[in-house]
Amino acid sequence: MTGKKTGSGLGARMAATPAVSAVAAGFAAATEGEGLGVPDKSEAAAKAEVVALNIRLPKALHRTLREIAFKDETSINAILIQAAEAWLAKSR
């Protein structure tokens with residue numbers, strides 16, 4: 001035995017799960033070439049560097065943000081960036 005664990009744990013489930021969901025793959029196929037305003041890699045590289053930040057949120061707030069992000073087809077990260085920018089603009 002090599003000492004490598006196998007079984008039905010999270011790692012095994014993750015390995016069995018496709019990297020892209022069928023919904024995401026369908027959305028990508030349906031919107032391919034529609035010019036969604038997604039910057040190409042050269043534009044993305046020209047933007048400012050980003051920093052990873054871990055925050056703690058109450059469960060209810062996280063749930064609400066997750067629901068809004070899903071409904072608006074965006075991410076919690078994008079919502080929080082927009083909220084932080086609006087707060088900074090207002091407080092200056």
Side-chain angles (χ1 to χ4, degrees):
M1 184 175 248
T2 62
K4 189 175 181 182
K5 293 184 179 182
T6 60
S8 61
L10 178 60
R13 289 192 306 265
M14 288 177 66
T17 304
V20 177
S21 71
V23 173
F27 177 78
T31 59
E32 187 174 353
E34 289 187 10
L36 297 174
V38 177
D40 63 10
K41 291 184 182 183
S42 61
E43 289 179 34
K47 290 191 175 193
E49 290 185 36
V50 296
V51 177
L53 174 68
N54 293 320
I55 61 170
R56 291 180 292 280
L57 297 172
K59 279 187 177 184
L61 178 58
H62 179 261
R63 186 179 312 113
T64 302
L65 286 168
R66 187 179 62 221
E67 290 169 358
I68 292 169
F70 180 78
K71 181 185 68 132
D72 292 348
E73 296 181 354
T74 189
S75 65
I76 293 174
N77 187 63
I79 293 170
L80 293 177
I81 289 171
Q82 183 180 12
E85 288 173 341
W87 184 84
L88 286 171
K90 187 177 95 172
S91 66
R92 288 184 183 169

> Should I81 and L53 be regarded as members of a common hydrophobic cluster, given that ILVMFWY residues are connected when their side-chain heavy atoms come within less than 4.5 Å of each other, either directly or indirectly?
Replying inline: no
Would you say W87 and L57 are hydrophobically clustered, going by side-chain heavy atoms of ILVMFWY under 4.5 Å?
-> no
Should L80 and I55 be marked as a side chain to side chain contact (heavy atoms under 4.5 Å, CB included) after you check the CA-CA gap, both sets of side-chain angles, and the distance that decides it? CA-CA 11 Å; L80 293 177; I55 61 170; 3.9 Å; yes
For S75 and A69 the tightest heavy-atom approach is C-CB, 3.8 Å
Between the CD1 atom in I76 and the CD atom in E67, the distance rounded to the nearest 0.5 Å is 10.0 Å
Rounded to the nearest 0.5 Å, the NE2 atom of H62 sits from the OG1 atom of T64 at a distance of 10.0 Å
Excluding V50, membership of its hydrophobic cluster (Ile, Leu, Val, Met, Phe, Trp, Tyr; side-chain heavy atoms within less than 4.5 Å) reads none
